[in-house]
Amino acid sequence: MSAALARGEWPTQMAGLGPLARSAIEAVAREHPDATVHHIAEAYDAFGRESA
């Protein structure tokens with residue numbers, strides 16, 4: 001997530017993310033540097049759902 005926010009980098013295959021979190025973080029990276037609060041919140045929420 002940090003790399004997506006700071007540099008627009010997509011998560012690697014080794015990141016161990018589920019499909020929802022990966023997709024949401026990719027959206028943050030794709031929108032970099034203009035990712036909105038909505039994009040970021042979606043990524044954190046998806047990660048939380050898949051980590052629970």
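Closest heavy-atom contact between V28 and A43: CG2-CB, 4.1 Å. Nearest heavy-atom pair, A29 versus G8, reported as atom, atom and distance to 0.1 Å: CB-O, 3.5 Å. Nearest approach of H32 to A6, heavy atoms of both residues: CE1-O, 3.3 Å.
Remark: the backbone N or O of P19 is not paired with any side-chain donor or acceptor of S23 at under 3.5 angstrom. E50 contributes a side-chain N or O that, together with a main-chain N or O of A21, makes up a donor-acceptor pair within less than 3.5 Å.
Rounding to the nearest 0.5 angstrom, the gap separating the OG atom in S2 from the CD atom in E9 is 10.5 Å.
Criterion: ILVMFWY side-chain heavy atoms under 4.5 Å apart, direct or through other members. Under it, L20 and L5 are not part of a common hydrophobic cluster. Hydrophobic clustering keeps I25 apart from W10 (ILVMFWY residues linked when any side-chain heavy atoms are closer than 4.5 Å, directly or through intermediates).
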Inset, instruction - Assess whether side chain to side chain contact (heavy atoms under 4.5 Å, CB included) is satisfied between M1 and Y44, documenting all intermediate values. - result: CA-CA 9 Å; M1 182 66 170; Y44 276 104; 3.7 Å; yes
